[in-house]
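Below is one structure; the comments refer to it alone.
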Amino acid sequence: MLQNNSFLASERFYECLDCREAVFNPLCPACLTTQIEAWLSSLSSYPLKNKILTRIREYVEKTNNLSGKSTRCVSCGKPRASICPYCFTNYVFNLLKRMRTNRIILKEFLQFFNYDFEHTGYSKEAEELGVI
Ligand SMILES: [Zn+2]
Ligand SMILES: [Zn+2]
């Protein structure tokens, strides 16, 4: 049954649990993970992909547990976009860097998953990698 308050809740934007900015382009961590997983599986010669996916899933699990009130995801419609796409992809980018992923893969990641629209975060590194 549709409750009035859940309808109202879908009308507003909750802030990202990480950067504290309103989540304007809500794509939840689970949906982003599906995209990242598809991208990872396209990398034929990348031995760390399973390890990375495991770490990403642990992080998604953690954000799911935290999301009491979250913005509704534009893709799956579930109210679990508790972390904005920027913070989530930033987490994955840092994870890739910590695993000493080579520059070609880092560059490809940012070509597919660049949510740094304000160019204040990893865009600088993207520039150095020659992505943008
Ligand atoms: Zn954020
Ligand atoms: Zn979703």
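Just the heavy atoms: all of them, side chains too, but no hydrogens, waters or symmetry mates, feed the values below. Order of appearance sets the numbers: ligands from 1, and atoms from 1 within every ligand.
In this structure Glu61 satisfies the salt bridge (Lys or Arg N to Asp or Glu O under 4.0 Å) test with no other residue, sequence neighbours excluded. In this view, Asn25 and Pro85, Tyr115, Phe117 satisfy the side-chain contact (heavy atoms from CB on, under 4.5 Å) rule, not counting sequence neighbours. Legend: residues meeting side-chain hydrogen bond (donor to acceptor under 3.5 Å, both in side chains) with Arg20, ordered by chain and number and at least two apart, are Glu15.
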Would you please test Glu127 and His119 for side chain to side chain contact (heavy atoms under 4.5 Å, CB included) and show each step? CA-CA 10 Å; Glu127 222 168 280; His119 299 282; over 6 Å; no
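Annotation for Arg80 and Ala30: closest pair NH2-CB, 3.5 Å, computed over non-hydrogen atoms.
Between Phe88 and Phe113, the ring centre distance reaches or exceeds 6.0 Å.
Of all protein N/O/S atoms, those under 2.8 Å from the Zn ion (ligand 1) are Cys16 SG, Cys19 SG, Cys84 SG, Cys87 SG, and waters are not counted.
The angle that Cys73 SG and Cys28 SG make at the Zn ion (ligand 2), rounded to 10°, works out to 110°.
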